[in-house]
Structure formats: C-alpha cells, structure tokens
Protein chains: 2
Amino acid sequence: MKHDHSKILSAVGSQMPEDEVLAELSELFSVFGDSTRIKILWALFEHEMCVCAIAELLKMTQSAISHQLKLLRHAKLVSSRREGKTIYYFLADDHVRSIINQGMEHISE
Amino acid sequence: MKHDHSKILSAVGSQMPEDEVLAELSELFSVFGDSTRIKILWALFEHEMCVCAIAELLKMTQSAISHQLKLLRHAKLVSSRREGKTIYYFLADDHVRSIINQGMEHISE
DNA sequence: TTATCATTTGAATATTTGTTCATATGATAC
DNA sequence: GTATCATATGAACAAATATTCAAATGATAA
C-alpha cells in the first residue's frame, strides 16, 4: 500500500480557504498574467490616460486595448471617468502597485 | 485630427521597463493565475508535501499535479528535495506568501 | 440633421494552456 | 535480475484567451 499522509492532509486541509475564494484569487492573478495588461497598468502608474493614448503608447489597436481595459475594469484594477468624448482610465487602488512590486522583487533575484 | 498625447506619452514611456522584463513579470503572475496552482501553493504554506499527498489533498491525478509543479519549479516558487523514492516540495521563498496575501487583500473588499 | 472623434462590442480565428492517458525514469527491496 | 512505489514526461484533446475586423454606441460640433 502507498505511504500515509493523513496527518498532513488534515492539518493542511483545514487551513485552506473555500474553493470559491481560491478561484477568485487565481482569476485576479490571471489578469496580471498578460504583458499587454501589465503594460497598461504600468503606464497608469504615472498618469491617467485615455484609450487612444494607451493604444499609441503600446503600438496596438484601440480595440485590443479596449478589450483589455474591460477585463481590468471588471477585476477592479482600473476605474474610468468620462470627459466629453474621451474616457480616462486610472488605477483603482494601491494594491495594483504593491502586487506588481512584489512580482518585480521576485524576478529580480 | 485626433487629439494629442505626446506630452503624456514621453513621460510614461520613459518610466516603462524593458519588454523582456514586463514579459517575465506577466509570466510570473500567470503562474499564480490558475486555481490548481494556487491550491498547491496554499497547501505548502503549512508543510512541505510530497506529490502524491498534494494529489490526494486536491483530489487530482498525480500526473496533473506533477505537471503543475514543474511550472511552479520553473518560476522558482517552489523547490524540492528527494528522500528515497519520495520528493518533497516546499515554498522557495517568502514572495509567494506576500504576493498571495496582497491578492487576498484586494479581493476581500 | 449629418459628420467626425472616441470608445465599445460581438464574432471569428489562432494560439495558449490544463488535464488525461500511456509510458518512462529513478529509487528501494527482494 | 524482478517487482513495486513515487514521480516525471510526451502526445493528444478540449477549453480558455488575445487580437483582429467590422459594426455599433455615445458625445460633440456644425
């Protein structure tokens, strides 16, 4: 018979959050898991920006950027405000910075 | 003609890291972007564990877990040590904890 | 109203990715 | 050597996803 893990399994299993929470957490990280979106977030570190400025900066179509902004908005990482025809996007809160900073620390070792 | 962004673009563009760095960063986050891998990491918060114990805990095949551990190892989020036939996995460093904690903070608002 | 600018949206396509299955490796005991 | 346990690996398939294209919405100005 295989070796026994019952002791560890009960200890570890009791500490684990609900599946639903863990799913939400992984969905959040997968929003950071695309270089286009990372670039958008990084751009917004400095200034709020309109969609077409981001598109110009990243040399991508405005449609592609808009699709990605939708995901970022849905994950509550960015917010937007309208000014005439233009819509400005900005970082929703400071978790974005700290999460990206932690990631940078990890890869620069 | 379209509206002008040259001022913002030059300010923001100069702050942006190299594409290669941003790609590496997004690859790191995409490793966190899967609920199976998040569960594995969470399990390892408590104890080092062997592959078959993780498989048993998550009710998944040993092969699926092994594939995911390979990704986690490659991202330097986990390390392993061999003890006879058994290979124990453990968290490679504390960035894992802090990144996951920041993510948890963001979703619990 | 018509025209134009800024943005969003939906469908289509190509690529990526997670799991399964079957097989291979590696270590121990006999 | 053979047998068994623990893990890793490669190919195949299904599901998820990023971008493009075409069309729609929304706001302003003439």
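Residue numbers start from 1 in every chain, and the chains themselves are labelled A, B, ... in the order their sequence lines are given, proteins ahead of strands.
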A.B. asks: Ignoring backbone atoms, establish whether A:Y89 has a side-chain N or O less than 4.0 Å from OP1 or OP2 of C:dA6.
C.D. replies: no

A.B. asks: Taking only N and O in the side chain of A:Q68, is any of them less than 4.0 Å away from OP1 or OP2 of D:dT19?
C.D. replies: yes

A.B. asks: Any side-chain N or O of A:S63 less than 4.0 Å from the OP1 or OP2 oxygen of C:dT7?
C.D. replies: no

A.B. asks: Please list residues of residues 37-59 of chain A whose heavy atoms come under 4.0 Å from any atom in DNA chain D, ordered by number; otherwise none.
C.D. replies: A:R37

A.B. asks: Between NE2 of A:H106 and CG of B:D93, what distance do you get to the nearest 0.5 Å?
C.D. replies: 5.5 Å

A.B. asks: Among residues at least two apart in sequence or on other chains, which ones pass side-chain hydrogen bond (donor to acceptor under 3.5 Å, both in side chains) with B:E27?
C.D. replies: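 Partners of B:E27 by the side-chain hydrogen bond (donor to acceptor under 3.5 Å, both in side chains) criterion come out as none, since no residue qualifies.
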
A.B. asks: For A:S6, which residues count as a side-chain hydrogen bond (donor to acceptor under 3.5 Å, both in side chains) partner, sequence neighbours excluded?
C.D. replies: A:D4

A.B. asks: Quick check on contacts: within residues 18-35 of chain A, what sits under 4.0 Å from DNA chain D by heavy-atom distance?
C.D. replies: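 Of all residues in residues 18-35 of chain A, the ones placing a heavy atom under 4.0 Å from DNA chain D are A:D34.
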
A.B. asks: For B:F90, give me all partners under ring pair (Phe, Tyr, Trp, His ring centres under 6.0 Å), at least two apart in sequence or on another chain.
C.D. replies: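 Partners of B:F90 under the ring pair (Phe, Tyr, Trp, His ring centres under 6.0 Å) test: none.
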
A.B. asks: May I ask you to verify if any side-chain N or O of A:H3 is less than 4.0 angstrom from the OP1 or OP2 atom of D:dC5?
C.D. replies: no

A.B. asks: Got a sec, which residues hit side-chain hydrogen bond (donor to acceptor under 3.5 Å, both in side chains) with B:S98, two or more places apart in sequence or on another chain?
C.D. replies: A:Q102

A.B. asks: Apply side-chain hydrogen bond (donor to acceptor under 3.5 Å, both in side chains) to A:R81 and list each qualifying residue two or more places apart in sequence or on a separate chain.
C.D. replies: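 If we apply the side-chain hydrogen bond (donor to acceptor under 3.5 Å, both in side chains) test to A:R81, skipping adjacent residues, the hits are A:E48, A:E83.
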
A.B. asks: Distance-only check: which donor-acceptor pairs under 3.5 Å involve side-chain atoms of residues 59-70 of chain B, not counting sequence neighbours?
C.D. replies:
residue: B:T61; atom: OG1; partner: B:A64; partner atom: N; Å: 3.1
residue: B:Q68; atom: OE1; partner: B:R37; partner atom: NH1; Å: 2.8

A.B. asks: Distance check: side-chain N/O of B:K70 vs OP1/OP2 of D:dA8, anything under 4.0 Å?
C.D. replies: no

A.B. asks: Give the residues of residues 71-84 of chain A touching DNA chain D, defined as any heavy atom closer than 4.0 Å, sorted by residue number.
C.D. replies: A:L71, A:R82, A:G84

A.B. asks: Can you pull the salt bridge (charged side-chain N to carboxylate O under 4.0 Å, His left out) pairs that have at least one residue in residues 95-109 of chain B, sequence neighbours excluded?
C.D. replies: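 Salt bridge (charged side-chain N to carboxylate O under 4.0 Å, His left out) check on residues 95-109 of chain B returns B:D94-B:R97.
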
A.B. asks: The side chain of A:M60 lies closest to which of these nucleotides: D:dA8, C:dT19, D:dT19?
C.D. replies: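 Of the options given, the side chain of A:M60 lies nearest D:dT19.
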
A.B. asks: By the 4.0 Å heavy-atom rule, please label B:Y88 as base, sugar-phosphate, or nothing.
C.D. replies: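 Contact class for B:Y88: none.
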
A.B. asks: Quick one: list whatever passes side-chain contact (heavy atoms from CB on, under 4.5 Å) with B:L41, sequence neighbours left out.
C.D. replies: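 B:L41 satisfies side-chain contact (heavy atoms from CB on, under 4.5 Å) with B:F32, B:L72, B:L77, B:V78, B:L91, B:V96, B:I100 only.
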
A.B. asks: Answer yes or no: is there a side-chain heavy-atom contact under 4.5 Å between A:M49 and A:I40?
C.D. replies: no

A.B. asks: Side chain of B:K85, heavy atoms from C-beta onward: which of D:dA8, C:dT28, C:dC5 has the nearest atom to it?
C.D. replies: C:dT28

A.B. asks: Can you name the residues that form a side-chain contact (heavy atoms from CB on, under 4.5 Å) with B:E20, not counting sequence neighbours?
C.D. replies: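 Per chain and number, B:E20 pairs via side-chain contact (heavy atoms from CB on, under 4.5 Å) with no residue.
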
A.B. asks: Consider the side chain of B:T36, meaning its heavy atoms from C-beta on, and name the nucleotide among D:dA8, C:dT19, D:dT19 that approaches it most closely.
C.D. replies: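 Of all the options, the side chain of B:T36 is nearest to C:dT19.
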
A.B. asks: For C:dA6, take OP1 and OP2 only and decide whether either is under 4.0 Å from a side-chain N or O of A:T86.
C.D. replies: no

A.B. asks: Once hydrogens and angles are ignored, does a donor-acceptor distance under 3.5 Å link the base of C:dT7 to the side chain of A:H67?
C.D. replies: no

